[in-house]
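We name chains A, B, ... by the order of the sequence lines, and we start the count at 1 in each one.
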Amino acid sequence: MKLSDTLTGEKRDFVPLDGTVRMYVCGITPYASAHVGHAMSYIVFDVLHRYLEFKGYEVRYVQNFTDIEDKLIARAAAESTTVEELAERHIAEYFEDMAALNVLDADVYPRATQEIPKILEVISVLIEKGFAYPSSGDVYFRVRKSPAYGKLSHRSLDAMRAGARVEPGVEKEHPMDFALWKAAKPGEPSWDSPWGPGRPGWHIECSAMALRYLGDSIDIHGGGQDLVFPHHENEIAQSEAFSGAEPFARFWVHNGLLHLDAEKMSKSLGNLVTIRDALAKYSSDAIRVSVLNAHYRGPGYYSDEALAGAERAAARLRQAVSVRAPGGVSGERLDPSAHRERFIAAMDDDLNTPQALAVLFDLARDMNRDAEAGRDVADARSTLLELGREVLGLRIEEREAAVDDELAARVQTLVDRRSELRAAKRFAEADAARDKLSALGVTLTDSTEGTTWALGSPS
RNA sequence: GGCGACGUAGCCAAGUGGUUAAGGCGGGGGUCUGCAAAACCCCUAUUCGGCGGUUCGAUUCCGCCCGUCGCCUCCA
């Protein structure tokens, strides 16, 4: 398959270094509930994960939690709790959110606070090699020592220097030098180090975890586009300086950012919709469809209109898997192999999920049409479910009725009475019964085989 | 200011140097139904931001312009 690489700007053939694909995706900083922008990112990498496995690769997927960081410290203080408690709570919530979105688990979920020895090792080696220097309890990375600094984000040190913010009271050799280790302030969580008590800087934890769990050279490093600079730029600099191995990551994969009302959804802007908010209104299939309906590298848009449309689209797939030829099949069958090939070709082309989804919709239409014509669509149904579920992570299942028996019995009684009225052609009374049920949120579906009902709007 | 991305039907969104420019939503028509609802089927861009250039031919390649957005500071 072909995959885009932010570092080179190329779309080229993806072949793992060896039999196992090593994939590292930057995880969350667990100081707040995850929002739908996170959902977009992790759905994208979930589909990449799933597709690589579908292609027969073994994948070792590592996703971190940065559970010590300025925001966590500030938020914990504001909530009068500890950093650990705050992080633990949001990590647990994150796992629930991901499960609800049908995102497969990574193989390892390392946490910064549990990787301090490796972090200290990396920093020590960087100092030994001259890539880092202590400065009054802090340790900084020396960007001028790294000649290729800026290669990922495609900018020069000079260009960055112009806009660099100079923090007062910090003694750095260059404005762009960044902290590997931060001296502890009173009351902050800290760990002992050769440079005094402190905590890791923002970028070092990802380098340490990637190096520890995946090695010096990994196949895919992913994250949102907003991480390209400075986070990933710094990760490359640190990791390559530490190991001497290049490239640190063979493919840098970045997803576009989710927008809400024409602006990027971000924590600082405060225009957030949490994953829980979204799941309260829309199914995970709808959320996934809305994400996968656009290419991962472009921006995404979250709006009620878009999600409602995606909900209808997801329902279309769900409906298609239940179609059967009325009155038996004629012996001809719908052969889905061409659809399957088109789907794979689309996914092979840098994960073109909009096109892959389109193939599934084409298949759904063909199934409806052919079933009506008396053809056997069993193979097509298997293909639709295989590709939709395994690769795109859709559930494609009937909504849970979630109706207790007592209510079901009462509704059924009313439905039966209406059926009797209809049979007697007392339509005015029958319609009144339907209206009454409708007011209770029950939708009726009449067919030649009788009347079925469901809570809420059908399918 | 520097770097980068993008502008395709009412909305979202793929795509291609040249037979009919995917798909979804919405809208219109039809089938089904006692009537509905739901569902399904069909239709829905002579045209791809504007102006030039390259070419036999460009929406697709190049240049300029206009517009939107992102990064350069914490962010998936």
- For RNA chain B, write out the stems as range with range, using runs of 3 or more consecutive Watson-Crick or G-U pairs with both distances under 3.5 Å.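 Stems for RNA chain B, defined as runs of 3 or more consecutive pairs: B:1-7 with B:66-72, B:10-12 with B:23-25, B:26-31 with B:39-44, B:49-53 with B:61-65.
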Please write out the pairs of protein N or O atoms and N or O atoms of nucleotides 3-11 of chain B separated by less than 3.5 Å, giving the distance to one decimal.
| from | atom 1 | to | atom 2 | distance (Å) |
| --- | --- | --- | --- | --- |
| B:rC3 | O2' | A:H154 | O | 3.1 |

For the residue pair [X] and [Y], does the interplanar ring angle fall in the parallel (under 30°), tilted (30 to 60°) or perpendicular (over 60°) class?
X: A:Y301; Y: A:H259; result: tilted
X: A:H38; Y: A:H35; result: tilted
X: A:F95; Y: A:Y109; result: perpendicular

Proximal nucleotide (of [options]) relative to the [X] side chain:
X: A:F361; options: B:rA76, B:rG23, B:rC69; value: B:rG23
X: A:Y301; options: B:rA76, B:rC12, B:rC72; value: B:rC12
X: A:D362; options: B:rA13, B:rA22, B:rG70; value: B:rA22
X: A:L257; options: B:rC74, B:rG70, B:rC12; value: B:rG70
X: A:Q355; options: B:rC41, B:rC74, B:rG15; value: B:rG15

- Nearest nucleotide by nearest heavy atom, which residue falls closer to the 5' end of RNA chain B, A:H203 or A:A320?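 With A:A320 and A:H203 compared, the 5'-side residue is A:A320.
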- Message: Quick check on RNA chain B: between A:N255 and A:D349, whose nearest nucleotide comes earlier from the 5' end?
- Response: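 Nearest nucleotide further toward 5': that of A:D349.
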State, without any angle test, whether [X] and [Y] hold a side-chain donor-acceptor pair at a distance under 3.5 Å.
X: A:S135; Y: A:E171; value: no
X: A:S4; Y: A:R297; value: yes
X: A:Y51; Y: A:D348; value: yes

- Item | Reference residue A:Y213; test side chain to side chain contact (heavy atoms under 4.5 Å, CB included); the match among A:D107, A:N64, A:V62 |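 One option only clears the test, and that one is A:V62.
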- Item | A:F427 over B:rG34, stacked by centroid distance under 5.5 Å, angle under 30° |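 It does: the ring sits over the base of B:rG34.
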May I have the distance from [X] (atom [atom1]) to [N] (atom [atom2]), rounded to whole angstrom?
X: A:R434; N: B:rA37; atom1: CZ; atom2: P; answer: 9 Å
X: A:L357; N: B:rG24; atom1: CG; atom2: P; answer: 10 Å
X: A:F178; N: B:rC72; atom1: CZ; atom2: P; answer: 15 Å
X: A:W252; N: B:rC71; atom1: CH2; atom2: C1'; answer: 16 Å
X: A:L363; N: B:rG24; atom1: CG; atom2: P; answer: 12 Å
X: A:H231; N: B:rC72; atom1: NE2; atom2: P; answer: 13 Å
X: A:D366; N: B:rG23; atom1: CG; atom2: C1'; answer: 13 Å
X: A:N368; N: B:rU31; atom1: CG; atom2: C1'; answer: 13 Å

Verify the contact: side-chain N or O of [X] to OP1 or OP2 of [N], cut-off strictly under 4.0 Å; return yes or no.
X: A:N352; N: B:rG15; answer: yes
X: A:R316; N: B:rC40; answer: yes
X: A:R342; N: B:rG23; answer: no

Name the pairs: protein N/O against N/O of nucleotides 61-63 of chain B, kept only if under 3.5 Å.
none

How would you label the contact of [X] with the nucleic acid (heavy atoms, under 4.0 Å): base, sugar-phosphate, or nothing?
X: A:L258; value: base
X: A:A306; value: nothing
X: A:F45; value: nothing
X: A:G223; value: sugar-phosphate
X: A:R418; value: base

Protein-nucleic acid N or O pairs under 3.5 Å, nucleotides 26-30 of chain B:
| from | atom 1 | to | atom 2 | distance (Å) |
| --- | --- | --- | --- | --- |
| B:rG26 | OP1 | A:R312 | NE | 3.2 |

Under a 4.0 Å threshold between the charged nitrogen and the carboxylate oxygen, would [Y] count as salt-bridged to [X]?
X: A:D219; Y: A:R250; result: yes
X: A:D366; Y: A:R369; result: yes
X: A:E386; Y: A:R340; result: yes

- Which residues satisfy the side-chain hydrogen bond (donor to acceptor under 3.5 Å, both in side chains) test with A:E10, sequence neighbours excluded?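 Applying side-chain hydrogen bond (donor to acceptor under 3.5 Å, both in side chains) to A:E10 gives A:T8.
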- Item | For A:R60, all residues meeting side-chain hydrogen bond (donor to acceptor under 3.5 Å, both in side chains), sequence neighbours excluded |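 Checked A:R60 against side-chain hydrogen bond (donor to acceptor under 3.5 Å, both in side chains); zero matches.
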- Donor-acceptor under 3.5 Å (A:D379 side chain, A:D335 main chain):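 Such a contact is absent between A:D379 side chain and A:D335 backbone.
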- Query: Is the backbone of A:T113 close enough, under 3.5 Å, to the side chain of A:D67 for a donor and an acceptor to pair up by distance?
  - Reply: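 The answer is yes, because a donor-acceptor pair under 3.5 Å joins these two groups.
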- Message: Is there a side-chain contact between A:I73 and A:I68 in this structure, where contact means two heavy atoms from C-beta onward sitting under 4.5 Å apart?
- Response: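 Heavy-atom side-chain distance check passes, below 4.5 Å.
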- Between A:Y149 and A:F141, does the ring centroid distance fall short of 6.0 Å?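 No: the rings miss the under 6.0 Å criterion.
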- Task: Please confirm whether any donor atom in the side chain of A:D431 sits under 3.5 Å from an acceptor in the base of B:rG34, or the reverse.
- Result: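 Indeed, a donor on one side and an acceptor on the other fall under 3.5 Å apart.
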